[in-house]
Amino acid sequence: MLGLRMADKDPTAVNLVIAQITPGYVASYGQIAASAGYPGRARWVGKLLAQLPADSSLPWHRVVNSVGVIRAPRADIARQRLLDEGVVVKDGRIDMKRFGWMRDA
DNA sequence: CGCTTGACCCTGG
DNA sequence: TCCAGGGCCAAGC
């Protein structure tokens, strides 16, 4: 009725997932989207992060694309934080086999 | 109102 | 891992 969607794409779910990423590891947009209950909506996650306030406490630096490249406006800051957490950034890229999500495989 | 752009991803080759 | 093709979705112009 009246087109009122209750939880039509709730950004909170995404924020929660990002907040749960283990320090020292990274997650891709797609993984986060799927984990938040929105498989295939990776772009949407990117959009949310793009609009994230600069003073957000969310660990946005732990979010990279599926090939391990930091694709963020403040990539330098993200890289710095990741290095500080022990993530190896080789030639602007992260080995997802080793640092991806929770190194599942 | 349609085309372009963007913190994207999966499948095949 | 790289490239091409197709999908996804919202904001700008």
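Only a predicted model underlies this, so the values are computations on that prediction, with no experimental measurement involved. Throughout, a chain's letter reflects where its sequence line sits, starting with A, and its residues are numbered from 1.
- Partners of Ala36(A) by side chain to side chain contact (heavy atoms under 4.5 Å, CB included), not counting sequence neighbours, listed by chain and number: Ala13(A), Val14(A), Val17(A), Tyr38(A).
- Under the side-chain contact (heavy atoms from CB on, under 4.5 Å) test applied with Ile70(A), the options Ile77(A), Val63(A), Asp76(A), Val64(A) reduce to a single match, Val64(A).
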Identify each atom pair where a protein N or O and an N or O of nucleotides 6-13 of chain B are less than 3.5 Å apart, giving names and distance.
residue : atom : partner  : partner atom : Å
dG6(B)  : N7   : Arg43(A) : NH2          : 3.1
dG6(B)  : O6   : Arg43(A) : NH1          : 3.1
dG6(B)  : O6   : Arg43(A) : NH2          : 3.1
dG6(B)  : N1   : Arg43(A) : NE           : 3.4
dG6(B)  : N2   : Lys47(A) : NZ           : 3.1
dA7(B)  : O4'  : Arg71(A) : O            : 2.1
dA7(B)  : N7   : Leu49(A) : O            : 3.4
dA7(B)  : N7   : Ala50(A) : N            : 3.4
dA7(B)  : N6   : Leu49(A) : O            : 3.1
dA7(B)  : N3   : Tyr29(A) : OH           : 2.9
dC8(B)  : N4   : Arg43(A) : NH1          : 3.3
dC8(B)  : N4   : Arg43(A) : NH2          : 2.8
dC9(B)  : OP1  : Tyr29(A) : N            : 3.2
dC9(B)  : OP1  : Gly30(A) : N            : 3.3
dC9(B)  : OP1  : Ser66(A) : N            : 3.4
dC9(B)  : OP2  : Ser66(A) : N            : 2.9

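- Listed by residue number, there are no residues of residues 74-91 of chain A with a heavy-atom contact under 4.0 Å to DNA chain C.
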Legend entry - Test side-chain hydrogen bond (donor to acceptor under 3.5 Å, both in side chains) applied to Glu85(A) and His61(A), step by step: CA-CA 11 Å; Glu85(A) 293 179 358; His61(A) 59 283; 2.9 Å; yes

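- With hydrogens and angles disregarded, a donor-acceptor distance shorter than 3.5 Å links the side chain of Arg41(A) to the backbone of Pro39(A).
- Taking the P atom of each, dA7(B) and dG5(C) are spaced 23 Å apart, rounded to whole Å.
- Among the candidates Leu58(A), Asp10(A), Ile32(A), the single residue satisfying the side-chain contact (heavy atoms from CB on, under 4.5 Å) test with Asn15(A) is Leu58(A).
- For the pair Ser28(A) (side chain) and Gln31(A) (backbone), a donor-acceptor distance under 3.5 Å is present.
- Applying the 6.0 Å contact sphere to CZ of Arg81(A) captures more than 12 heavy atoms from other residues, nucleotides or ligands.
- Judged by closest nucleotide on DNA chain C, Gly68(A) is the one of Gly68(A) and Arg41(A) placed further toward the 5' end.
- Remark: side-chain polar atoms of Asn65(A) are paired, donor with acceptor, to backbone N or O of Val67(A) under 3.5 angstrom.
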